[in-house]
Amino acid sequence: MFKDIKYLILSMLTVFKHLFKKPVTLEYPEKRNIPPENFRGKPVVENCKCCGICTRVCPSGAITIDKENKVFKIDLKKCIFCGNCAYYCPHGAIKMSKEYELGTKEKEALVLNYKIGGADERN
Amino acid sequence: MSKLKLNLGPQHPSTHGVLRLILELDGEKIISCEPDVGYLHRGMEKMAEKLTYIQYLPLVDRIDYLAGFFYSELLCRTVEKALEIELSPRVKAIRVLLLELNRIASHLLWIGAFLMDLGAVSPFFYAFREREIILQYFEKISGQRMMNNYFVFGGVRRDIGYLEDVENFLKILPDKVNDYEKLITENPIFLQRTKGKGVLDKKTAFNFAITGVNLRASGVSLDFRKGDYLYKDFEFTPVVLEEGDSWARYKARVMEIRESAKIAAQALEILKREKSIEQTLINPLTLKLPEGEYFQEIEAPRGLASIYVKSTGDSKPYRLKWRTGSYYSVNLLRKILKGAYLNDAIAISGSLDIILPEVDK
Amino acid sequence: MNYLYFLYIEFLAKHNIPQLFGDITFYVIPCCIIFAALLIVVLALVLFERKLLGWFTQRKGPNRVGFWGLLQTLADAFKLLCKENITPKGADRFLFNLAPIIIFVPVMVALGLIPYSSEFTFMNFQTNLLIFIVIGAMPVLSILLAGWASNNKYSLFGAMRSVSQILAYELPIAFVILSVAVLASSLNLSQITLAQSSAKGIFGWFGIPCFIGFVIMFICVIAELNRCPFDLPEAESELICGYNTEYSGMRFAIFYLSEYALLFANALLLAVLFLGGYLSPFGKYLSPMIFPPEIGSILVYFEQAFWLFAKSFLIIFVIIWIRATLPRLAAFDLLKFSWACLLPLSILNLFLMVILKYLTGGGYV
C-alpha cells in the first residue's frame, strides 16, 4: 500500500519535472530544421550523358529519358526519393537537393523536365 | 448465454495500423478472437519477382517502417553471401551500430505506444523525444528519417559520420530510460494492468513460433544475435525474464534498450579504431545471383526476421519470401486473448508489439 | 443574497417598475450570468488543460489562434458548430438528440449552488450540499441515454461502464460529505464555508482534520468526471470515444464542454468543502489592508471569489497533472478499488470525524 503510494508520487514528480523544461517542438513554418548535407530531397539533373543506368535502378519507374527531344523526365508522383539514381549514376549527374516542400496545386508541376546537355529547365 | 460480436478494427485507435480482430464477447469477457489481416498488403514478395535486387532494396525498408535497417540488412546479406563478398570490419561496425540504434528507436516507440494504449499520455512524448534524436541522426547519415536505404550490397552508401551525435545520445539515454522506469515500471496502476495479464508460457510460445523479446520474456534464452556473424566480436547478454506476462515483455524491452546501447557503444569503439572503409562496389547492371536457394535470418526488434530467395541465375529473384516476427504474434492473439477482458485485450495485444505493415507485407 | 435582492428591488422601485417584475426576473438574471460565465470558464479550462498537457510533455500547446492560443477553443467550437450533425442509422433519434441537452442542465444548477462570496449565492437553500450531490450525479443519465441511443457497441460499453462507475463512487462521496456535514453541523455550503473560518487561516480548513476524506473525495470526483485514470467510459484506446463515439458537430461539442463544466463545478465543490471556499488562506482578507476602506469593503467580495477560483484551479491543475501521469485503470480493478478500499476508508473517516467532533465539544477549532 505505502509502496504503491510512494511510486505513484514518484511518477507524478517525474512528470512534474518536465513542466519546467524547454519545449522540444519546432513551430514549423517559421522555424525549421535545416536539412542535413546528405538529405534526399527533390532530384536535380545536370550534364546527363544518357547512359540510362538510372532508369534501370529506379524501383518505381519514375525516370524516363527522351533521347530524341533530349529531355530527362522525373515523375515526382512516382518517385520514392530512395536516391538509387544519384548513387549509381556513373557521371554524378543526378543529385538529391535539399528541397523537400514539393506540394503543389498542379499535377504537371510534379513532373520535372530537365534538358539534356543544356541548362536545366523546369516545365 | 448470448454472445456479442465486436469488430475491433480495422480502424481502431489501438490496433497500430489496420488490424481487424473479430471478438466474441460475453459481457466484457472475450470468448474467441479471430484476427483478420491483409488490410495493408502491398505485395512485397510478388513485387520482388518483377524488380532487380538493386531496385528492390529501397522498398525493403518499408516492410517494417520502424525497423527498416533490419530488412535491408537481410537482403544485403543474402546477396553478399551469394556473391561471397567479405565485409570490412568498419562496415560491419557501422551496420551493427545502425541496427542497434534502430532497435532502440523501435523499442522506444513501442514503449510510448503501449503506454498510450494503457491511457498514459506523457511517456509517449518522452519516448518520441529520444527517438527523434536517433531519427535525426539517421537523416544526417542516410538522407531520410525512416526509409533509410543506406545499406547497399557490399557495404554502405557512404562512410558514416557525426559519431559525436551518437556518443552524446548514448550518454543521455540511460538517464532518460531511468525516467521512463520511474514513471512506469513500478506504477501500481501499470502493474495492475500488466502483471499476470496475457501470460505466455514456453510451450505455447514454441507452438506459435514466437521469437524475439516476446519469447525471451517467457524465459527462453533464444537470441539470434548470438551466432550472428555481424555480432561476433560484441559482448552482450540476451535479456531473459521468467514471467511471460505483459509486464515482463515491457521490462524485457526496457532492458533490451540498455543492452542495445551497450552494443552500440562497442560498435562506436570499433569505428574509432578502424578508420579505413573498404567496400566492394557492385555494378548495378550485371548483378546476378548464382542459381540456388538462399536463406538468411536476423534478430529484428519484433522477433526473428528471415528471408528466403530462390534464384535461377537471373538479375531478379525467382521467388522471394519474408518471415516477419509480428505475423506470428498476431496469430498468437487467437490463443492469448481467450478469457481476457476487453480492456486487458488492448493491453495484451499492445504488449506483443504488433506492427501491421510487417504482418501484411 | 437578501442584500442583493433588496438592492435590486430598490433599483427597480426608483424607475417605477413593479416589484412583481423584480421578483420574477431576480432569479432569471443569475441564470444568465452563470451561463455566460460558464461558457467563458469552460473555454478557458479547455485551453488550460491543453496548455498544461503540452508543458508536461515538453510541447508548447496551442499557440496559433489568437495571442498565446487564447482563441483556440473558440475556433474549435466554431468549427464543430459548422460541422454536420449526423444521426447514425438505427439510432433512437429522440433519445440521441435528448442526451446532449440533458447533460448541460444539471451543471448549470450545480454552479448556482456554490457560494462564490459571502453575499453571493444564486440559490441558497438549507440543504445546498445535498442538492449538489444529487444533481452532480445526473449527467450519468445523459451518458446512459447517449450510449444506448447511439446503436453502437462501443457506446453501449462506455455507458454501462459509466453507470457502474458512478454507482461505485457515489457511495464513498456520500460518506465523506456526511463527515463534512458532521464537522460543520450544516448541509448549507455557505455555513460549511463559514465553519472553516478561523484566525489561523489555512489551519481552520476541513482539509486538515478530514484529510482522508479529502483524498477520497478527490479520487471519487475524478472518477465521477470520467477523467484519467478513471476515464473508462470514454477510454479512447479501447472504446474509441465511449458514449460519444457517434456524436458529431455541436452535439459532440456540448458533451465535450459539459465535461469541463462539470470538472469546474466539482472543483468548486471540493474547494468549498475542504479548502475553505472563499476564505482567505491567511485568515484575513487582503483588500481592506491594501485599499482604502470604502473601496476595500466592496473589493472584499471580489477577493473572496478570487480565492475560491484560485483554489478550484489548483485542484484542476492537480487533476490535469494526474491525467498526464497515470495510465487507465482496468474496469474491474476500478470497481474493486472503490468497494474494497475507498468505501471502508470513508466510513472510517466518518467515525473519526464524529469522534473529533465529540472531543472538541461540538465545535471544531
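Quick caveat: nothing in here was measured; it's all calculated off a predicted structure. Per chain, numbering begins at 1; letters A, B, ... match sequence-line order.
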Any carboxylate oxygen within less than 4.0 angstrom of a Lys/Arg side-chain nitrogen, looking at B:Lys251 and B:Glu181? yes

Heavy-atom distance under 4.5 Å to chain B: side chain of A:Lys3, backbone, both or neither? side chain

With a 4.5 angstrom heavy-atom cut-off, is it the side chain or the backbone of A:Ile80 that approaches chain B, or both, or neither? both

Ionic contact status for A:Lys77 with A:Asp75, cut-off 4.0 Å: yes

At a heavy-atom separation under 4.5 Å, does A:Val57 approach chain B through its side chain, its backbone, both, or neither? both

Under 4.5 Å from any heavy atom of chain B - which part of A:Lys17: side chain

Segment of A:Tyr87 engaging chain B (4.5 angstrom heavy-atom cut-off): side chain

Heavy-atom cut-off 4.5 Å, strictly under: side chain, backbone, both or neither for B:Ile141 against chain A? backbone

So B:Tyr56 and B:Trp322, would you call those rings parallel, tilted or perpendicular, with 30° and 60° as cut-offs? tilted

If the threshold is 4.0 Å, N to carboxylate O, is there a salt bridge linking B:Asp165 and B:Lys140? yes

Give, as side chain, backbone, both or neither, the part of B:Ile54 having an atom under 4.5 angstrom from any heavy atom of chain A. both

Is there a side-chain contact between B:Pro123 and B:Tyr180, using heavy atoms and a 4.5 Å cut-off? no

At a heavy-atom separation under 4.5 Å, does A:Phe81 approach chain B through its side chain, its backbone, both, or neither? both

Say whether, by atom type as modelled, one donor and one acceptor occur between the side chain of B:Arg253 and the main chain of B:Leu108 under 3.5 angstrom. no

